[in-house]
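Scroll down for the structure; my scribbles are underneath it.
We name chains A, B, ... by the order of the sequence lines, and we start the count at 1 in each one. Bear in mind that the values here come from a model prediction, so they are computed numbers and not experimental data.
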2 protein chains.
Amino acid sequence: MSSSLLEELKPLFYPRNVAVVGVSNRGESAGNRFLAVMRQFGYKGAIYPVHPTATEIDGLKAYPSVRAIPADVDFVNISAPARFVPQIMSDCVAKGVKAAEIFTAGFREVSEEGRKLEMEIKKIAAGKIRIVGPNCFGVYSPRGGLTLLPGPNYPRESGDIGVFSQSGGWVTDLIWGADAFGVKFSKVVSYGNGIDLNEASLLEYFEQDPETGVIAAYLEGVNDGPRFRDVVTRVNKKKPVIIWKGGLSETGKRAVNSHTGSLAGSKYTWDAFFKQTGAVRAQGFEELLDTAAIFHYLKPGSYRNLAFIGGGGGVGVAAGDICEDFGMKIPPSTAAIIERMSELIPAQGTSIKNPFDTGSPNTPGDILRKMIRVVSGWSAVDAIIVNRLFFYGLKQLMGLDVLDEEQRIQGILDSKQGLSKPLMVVLEELSYGLDRIEMERERRAARDRLLQAGIYVTDSVYRAVRALNNVSTYYERQGFMKSPS
Amino acid sequence: MSSSLLEELKPLFYPRNVAVVGVSNRGESAGNRFLAVMRQFGYKGAIYPVHPTATEIDGLKAYPSVRAIPADVDFVNISAPARFVPQIMSDCVAKGVKAAEIFTAGFREVSEEGRKLEMEIKKIAAGKIRIVGPNCFGVYSPRGGLTLLPGPNYPRESGDIGVFSQSGGWVTDLIWGADAFGVKFSKVVSYGNGIDLNEASLLEYFEQDPETGVIAAYLEGVNDGPRFRDVVTRVNKKKPVIIWKGGLSETGKRAVNSHTGSLAGSKYTWDAFFKQTGAVRAQGFEELLDTAAIFHYLKPGSYRNLAFIGGGGGVGVAAGDICEDFGMKIPPSTAAIIERMSELIPAQGTSIKNPFDTGSPNTPGDILRKMIRVVSGWSAVDAIIVNRLFFYGLKQLMGLDVLDEEQRIQGILDSKQGLSKPLMVVLEELSYGLDRIEMERERRAARDRLLQAGIYVTDSVYRAVRALNNVSTYYERQGFMKSPS
């Protein structure tokens, strides 16, 4: 691929208009759903439904074929049954369409006949139309006004994460999951079987795309292993490439075959792949999401030495165990740090040795602010994690003189001014019952305030440390040995 | 310990009255908090605050010492400063008190002087008073009307899980976390430094306690390794003993020392301990909680062969990978199962090979019910996991003709009648934003309905499979090779 990819894929990511093939005049098909979702999402260009007989679909003028549309067409969304797709693709070529996404399933993942159909479509489109799919959810491109199913309410704002995924389901989770952490996307491409645009070409697009700073992917198989390896190696030096490879187990491989008809490859091959390319490896959905989020929030650097500020001794013990599992460190307090911390924390039922344990979540916000400032000046520490200082519902549970969570959040926000180290907050969701939904509302409100101030918030120490290790390892390979200051 | 332990600890778990030492007449101390919490929780016996000068504390008649209380006293709660505790204990002995919990911290975990104080207290109480603590949150015994801090709103209902823990923080999380999964406790003991009642004696109590069916523990160190190993080996043959051992890392060990002054022991020693005793090993809070919950919900048996019924191909791939990591299996469909499933699931964008993928969470409840019934008759499968058929907010997101979640829940409930295999449901929480709190409310309501019908619900396939493996391994060691039917 050449540097013209950015230009070539403009009709895919920023189409001036969209034709939709596979709509029904009873309003029930995937095409109708896509029509409705696009309009709800606020796509600004013209939308042309295609239907053999109807003159109007869902209030829009319909055309009997793509060729019959009285305008140049940039982009076509296809959800018609598999057997019709070659003819539709021929029409698109004749019309001069530039890009297409094929939602339709029932190709190589179900039968040999399906595989042949795929080859036929590929041949018809070759060199003329760039295709996403088939067997996919398509393209989400907030700046281009495009969304994928089921996304009428996905964020309209653009962000710096670019995603390509063979699974549409994981992509829908990712967009929502990331939104809750204040992380947004440049483009997300669910590409399913990937007969044309695949892992290698999409990665090259994101390499060039100035909107994209971090790249995250869910893969089931690759079409051209050696090429993909080379592209990942090159791109990963410029922008972090995080890959979750699904289907490394025997059962997973069988499921991959039923899902996208891909060859999943062996564990051995993929271990070697990650070693050779230096790509960041995620081993599940949460790890993919968290790692992308931390790349977004933190400046380039290594964050291996951590200070934990929290309430609870058992929590500190667990943090120590988790850190060691991921090769992270919790340096013991120096005499100077002990002296300063002992002025802030009571002597008993606490710890001033890092992890710092205030003994209770009921800690005044101002103390919290001062503790963060003390650690901020400690050169052995790369990042600060505040955990277990929030216990939503403590007031409600205790029914006593418990300080407002509000002033603790404020303490953290106040400490952020001019802070030289990254600060992260762990806000646990403790699976409270239905009758405690108010606590969850408060937790989410607090999370949003912190995120808006640029402070990364996550659900557990485990998730924070696992992702921090990934990010630190990436930057260490690039020669960063400390956090930036 | 003899079988009289059940009798001996009656004053600890079911006290007829409680004296509280360490209250302030300004209402701010831990003792006052405990007073308030006990009364809110609804403790039925007499409560006697002890204060050197006050005649009334928080509306209750106060006494200058334990000895001055005009009644036999069963149980004393102590939160006075460490240096006063030996004298208080002497008073308790003189009074004939049977049991005490010492909240006070500042003993061996902070200094050599603290260690000496502990030894002194231990000597005074030896053979006369059974002690929980010091440096702990105490005892939660719903049938005895006792709660620990900060638990005025902990469940009043009793359950079959018995817990002992060196951390009070983890115990508060556990009680709340378990409540959301419909799991309740016989007794929970936060025993901190454990100078008298410790891991071995508490385990022997739970061995004898007819209320307790499953035992879960968080440990930092043990006081008498060989004895504990013998007790665990014996008890674990009768009731599952699940242990999370914190502080196996270097940093974790340091934190253990600051927390409960325990000797954490080496990884090697603990690996051998689990091998020798057969105790169920949990490596964190969630695993401890989930494993206890599955022991509660499932009959004795091995559940290594699973069927997954869900919407989404990527989710099935991930389930396969997770199962292999834990030694669980997803048997491929037989020809008969394929035939019956193909009548229920569309041919494209789906899978009938196990994991079963309906292609969309928008699946009618009746189809779901029928799918469960098909798998129910399949002898190669030990348990059924329904996942990813719930997508709260799908309706809201799609704004289209999406079926109610309600009828899917109903489909599952209907399938349960006479079902010969255990059924579990994964209901993901996708960290939706503050503006989506309604979805979380719906999810919790659905979870509660399923739990009430005896169907275990958890947050992720990972959590379900990890805990199922623990439970299956336990029962396999006892000779169960299949699920009960």
Between I322(B), I352(B), I330(B), the one whose heavy-atom pairs under 4.5 Å with chain A are most numerous: I330(B)
Heavy-atom pairs under 4.5 Å with chain B, option from G106(A), G284(A), G169(A), A347(A) with the top count: G106(A)
Side chain, backbone, both or neither of V110(A) within contact of chain B (heavy atoms, under 4.5 Å): side chain
Spatial distance of atom CD (E220(B)) from atom NE2 (H259(B)) [nearest 0.5 Å]: 5.0 Å
Verdict with supporting geometry, D58(B) and R39(B), side-chain contact (heavy atoms from CB on, under 4.5 Å): CA-CA 11 Å; D58(B) 299 342; R39(B) 296 164 83 183; 3.9 Å; yes
Contact leader toward chain B among G359(A), S460(A), A318(A), P332(A), where contacts are heavy-atom pairs under 4.5 Å: P332(A)
Passing option when D459(A) is tested against R443(A), R447(A), R444(A) for salt bridge (Lys or Arg N to Asp or Glu O under 4.0 Å): R443(A)
Residue selection (most heavy-atom pairs with chain B, distance under 4.5 Å) from G252(A), P331(A), S167(A): G252(A)
Sequence neighbours excluded, every pair satisfying salt bridge (Lys or Arg N to Asp or Glu O under 4.0 Å) that has a member inside residues 319-331 of chain B: K267(A)-E324(B)
When L248(B), L434(B), T260(B) are compared by non-hydrogen pairs under 4.5 Å with chain A, the top option: L434(B)
Donor-acceptor contact below 3.5 Å, side chain S249(A) vs main chain G320(B): yes
Heavy-atom contact with chain B under 4.5 Å, split by part of E286(A): neither
Partner chain A: residue of E250(B), E109(B), K253(B) with the largest heavy-atom pair count (under 4.5 Å): E250(B)
Contacting region of A82(A) [heavy-atom separation from chain B under 4.5 Å]: neither
Segment of R441(A) engaging chain B (4.5 angstrom heavy-atom cut-off): both
Best-contacting candidate, T251(A), N354(A), V256(A), against chain B by heavy atom pairs under 4.5 angstrom: T251(A)
Segment of A319(B) engaging chain A (4.5 angstrom heavy-atom cut-off): neither
Value rounded to 0.5 Å, distance of OG in S258(B) from CG in D357(A): 8.5 Å
Nearest-0.5 Å distance that lies between atom CG in N135(B) and atom CZ in F103(B): 11.5 Å
T350(B), part contacting chain A, at a heavy-atom distance under 4.5 Å: backbone
By side-chain hydrogen bond (donor to acceptor under 3.5 Å, both in side chains) - contacts of N305(A) (at least two apart): D382(A)
Worked verdict on V461(B) versus E428(B) for side-chain contact (heavy atoms from CB on, under 4.5 Å): CA-CA 9 Å; V461(B) 169; E428(B) 293 94 348; 5.5 Å; no
Parallel, tilted or perpendicular, as decided by the 30° and 60° cut-offs, for the rings of F285(A) and W170(A): parallel
Contacting moiety of Y218(B), where chain A heavy atoms sit under 4.5 Å: side chain
Closest-packed option against chain B by number of heavy-atom pairs under 4.5 Å, given A105(A), S351(A), G314(A): G314(A)
Q283(B) versus chain A, the contacting section by heavy-atom distance below 4.5 Å: neither
Leading residue by heavy atom contact count with chain B [cutoff under 4.5 Å; candidates P81(A), G182(A), G192(A), A445(A)]: A445(A)
CH2-CG distance between W176(B) and L289(B), expressed to the nearest 0.5 angstrom: 14.0 Å
